[in-house]
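First up is the structure itself, then whatever we jot down about it.
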Protein chains: 2
Amino acid sequence: MKPNKTRSRATGRVTLADVAALAKVSPITVSRALRGERAVASDLTDRVKTAALKLGYTPDPAARALASRHSDHVAVLIPMLSNNLFVDVLESIQKTLRHAGYQSLIGITHYDTREEEQLLREQLQHRPAGILVTGLDRSDAARELIEKSGIPCVHMMELAQSPDVNSVGFSQTQAAMTLTEHLLQRGRQRIAFAAAQLDPRTMQRLDGWRKALKAVKLYDKALSYTNKSPSSMALGGEMLQHIMANDPSIDAIFFCNDDLAQGALLAAQRLKIKVPQQLAIAGFNDLTGSDLIGPGLTTIRTPRAAIGEAAAKMLLNLMREEDVPTPSVDVGYELMVRGST
Amino acid sequence: MKPNKTRSRATGRVTLADVAALAKVSPITVSRALRGERAVASDLTDRVKTAALKLGYTPDPAARALASRHSDHVAVLIPMLSNNLFVDVLESIQKTLRHAGYQSLIGITHYDTREEEQLLREQLQHRPAGILVTGLDRSDAARELIEKSGIPCVHMMELAQSPDVNSVGFSQTQAAMTLTEHLLQRGRQRIAFAAAQLDPRTMQRLDGWRKALKAVKLYDKALSYTNKSPSSMALGGEMLQHIMANDPSIDAIFFCNDDLAQGALLAAQRLKIKVPQQLAIAGFNDLTGSDLIGPGLTTIRTPRAAIGEAAAKMLLNLMREEDVPTPSVDVGYELMVRGST
DNA sequence: CTGAAAGCGCTTACAG
DNA sequence: CTGAAAGCGCTTACAG
C-alpha cells in the first residue's frame, strides 16, 4: 500500500485508490461498495463509506464515463426557452435529475429538425445516460441516432401510440376540442383558429378545433389563420387585427398559444373591440399573466411541471434498467374559464 | 499495425488509433495535428485530417477530459429561467459557446447563495474549462472554490472594480439614476421605488434611485417599498394597490423589474388609476410585452444578448489563454420612454 | 464475497 | 518535427 505517490500528472484530487488505502480494501471493492453494484460485506461497506466521507471523495465523472461508457449526463432537447412553457418543463426536469445525480445537457432546437439532429449528434458524443426530447416528430436520421445509440429516451408533451415509445404528455387534439366545445357552448358560431410557429403540437390543436367544429357542422376552412413566424404577443395583436378586418362575422378566436392571445387582448383594448361581448378570445397553456390581463383569458392549463417531473422519473427508471409501469403517461389538462369567453 | 482488434470492451467508436492506422502515423501525431497543439509537418497534417474525415472521427470528450484534466464543459450559473432576462442571456451564451465546441452546463441558483455554492461544487467535479456566473456577490466558499480551481471565470450583469475580476455588464446604479432623473424631468415629486426579490442588482437599482432623489432633495425613505418574494406580475399588482392605499401622494412608481410594472399597469386599469396622468409607472429591463401593454411601459432596455455574447467571448479568450482586451466590458443600457410616464 | 489485471481513449512528459 | 511509454481515475471481465 503505497501512500501518496507524487506522480507528475496527479490532479490532486482524492481518488478511489486513496479511499481504498484508508479503508484497507482494494479499489474495486470501494467502487462496488459506493455504487451498490454488487454485494459487498456490510463491514467492508461501512469502512469504505466512512473513509470516503472522511476524505471527501467524489468520483471523477470523466473517468467513470470512460470506463463504463456512460456519463452522468442526460441530453435534454427542447424547442425554445423564450416560450415560457419549456422553462417550466425544464426546471422540473433539472430538479428531478439533479437529485438523482444526473446532469442535464440542454439543447435548444428552435423548432428546427435539422438543428435537433445536429444537437443530438453533439450530445451523443458525451455518451449520455439518457435522452429527453420534445414531441414525436423528428428527422429519420435523428430517430435512427437515438435508436442505434441504445440509450433510453422519453418523449415529452405528446402521447405516443406505440408501446415501444416512451412518452409523457397529453392529447393536444383532445384539449383543443375541449376548448372549442366550450366556445360552442357559449353560443359562438364563427370560431376562428389562429396559429403561429406551426410546430406539430400546434397542428394537432388545429386538428382538434376542426374536429369539434365539424361535429356540429360549423367548420369552415376559411376560419383557419396560420402564420409560420414564431409565436409572440406582438404577432397575436397583428393577427387579431388582420382577422377582424378580413372577416367581421367572426365571433370567437382560438389562439394556439397564450402569448398570441394575450397580445390579441391588448390589441382589442386599443381597437375598442369588446371582449367577450363582440368577440370571445381563448388561448392555450395558461402562461404567466393570463389570469391578470383584463379580461382574464380563457385557456387550457397544461401541466408543464408534471410533464417534466414524470418524464425525468420515467427516464430514471429506464436508466436504472427498472421496469416502467406504463410507457405512456397521460398527465391531462384543465379548461380554465375566465372573462374573455 | 494491427487492424481492428476485437477487444471485449471496445465501444465500437472510431478512435485516435484508427485514424493513426489509416494515416500511417502515431496516435500522438493525430492528436496534435487535430488540435493544432504543436507544429506537425503539413503533409502529415493533411493525411491525418483526410483520414479523420473519412472515418468520421470525433474525439471522445470523456477520454480527453480524463487525460487533459479539462472537459469541454462550461459551467453557467444563473438565478432563474422564469425571469425572461436570463433566457436571453443564456441563449446567446449557448450559441457562442457551442460554435466554439463547448457545451454549457446550466445551473439554476434560485437567487440562493447556498444553492449556487452547491451547484458550483457539482459542476467543478466535471472539470469545466470555464465558468460563467451571475453578479459579483456570492458566499466566501463559492468565491474560494472558483479561485482555487484555477478555471477562468467571467461575471455577468454587473461591472467589477478590481482588474483581477473579469466582468461583462453595465452599471445598475447608473441605469436606475437615469430612469429616476427622467421621472424628475417629467415633473414628478413623490417617486416611489418598488422592489421584489431583493437580489444584489435590485439593491443597486434602489441605490441609484436614492442617489438621484437625494441630489434634488426629494429623497424620503418612506418611498421605498421592498418585498422579498420573487418578482412577478401578480406581485406588481398587489404592490401598486398597497402603495397607493398607503400613500396617495405618490405620483410615480419605479418598479425594479418589468414584470412587476406590467402587473401594476394591469392593476391600474382595474383600479381606474389613470396612467400617467395620476400616476407614472416605470420598469426595468424592457421585457416582452412592455411595448404592447397599454400605455406602453417606460423602462430601461438592458442588452441581455450582448452580455451573454460578450461574456462567452471573453471566456473563450481566457480558456485559450489569450489576452483579453479589458477585464471589464460595459455594454451600457438605454432609456425607453413610452406612454406610462 | 473479494481482488489482480486489463482496458476505456485520450494527452502529458520525456526523449531523440 | 515525431514517437514510445506512462498515466489520467475509474469499471469490466475473469478468477478464485
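Heavy atoms only: backbone and side chains are in, while hydrogens, waters and symmetry mates are out. Here is the naming used below: chain letters follow the sequence lines, and residue numbers restart at 1 for every chain.
Ion pairing between A:Arg201 and A:Glu158 holds under the 4.0 Å rule for side-chain N and carboxylate O. The pair A:Glu91-A:Lys95 does not meet the salt-bridge criterion, since no charged nitrogen lies less than 4.0 angstrom from a carboxylate oxygen.
Close to D:dT12, at under 4.0 Å from its OP1 or OP2, lies no side-chain N or O of A:Arg64. OP1 or OP2 of D:dG3 lies within a sub-4.0 Å distance of a side-chain N or O belonging to B:Ser26.
The separation between B:Arg35 atom CZ and D:dC1 atom C1' is 15 Å, rounded to whole Å. Between B:Ile28 atom CD1 and C:dC14 atom C1' there is a gap of 12 Å when expressed in whole angstrom units. Following rounding to the nearest Å, B:Arg47 (CZ) and D:dC1 (P) show an atom-to-atom distance of 16 Å. A:Leu44 has its CG atom 7 Å from the P atom of C:dG3, to the nearest Å. Rounded to an integer number of Å, the gap from NE2 of B:His126 to C1' of D:dG9 is 14 Å. We find that CG of A:Leu66 is positioned 10 Å from C1' of D:dT11, with the value rounded to whole Å.
Searching all strands for a Watson-Crick or G-U wobble partner of D:dA4 with both distances below 3.5 Å returns nothing.
For CZ of A:Arg114, the number of neighbouring non-hydrogen atoms (other residues, nucleotides, ligands) closer than 6.0 Å is 12 at most.
Base contact: B:Arg32 has a heavy atom under 4.0 Å from a base atom.
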Before you tell me yes or no, could you show the steps for B:Arg121 and B:Leu145 under side-chain contact (heavy atoms from CB on, under 4.5 Å), namely the whole-Å CA-CA distance, both residues' side-chain angles and the distance that decides it to 0.1 Å? CA-CA 8 Å; B:Arg121 271 182 226 284; B:Leu145 280 170; 3.8 Å; yes

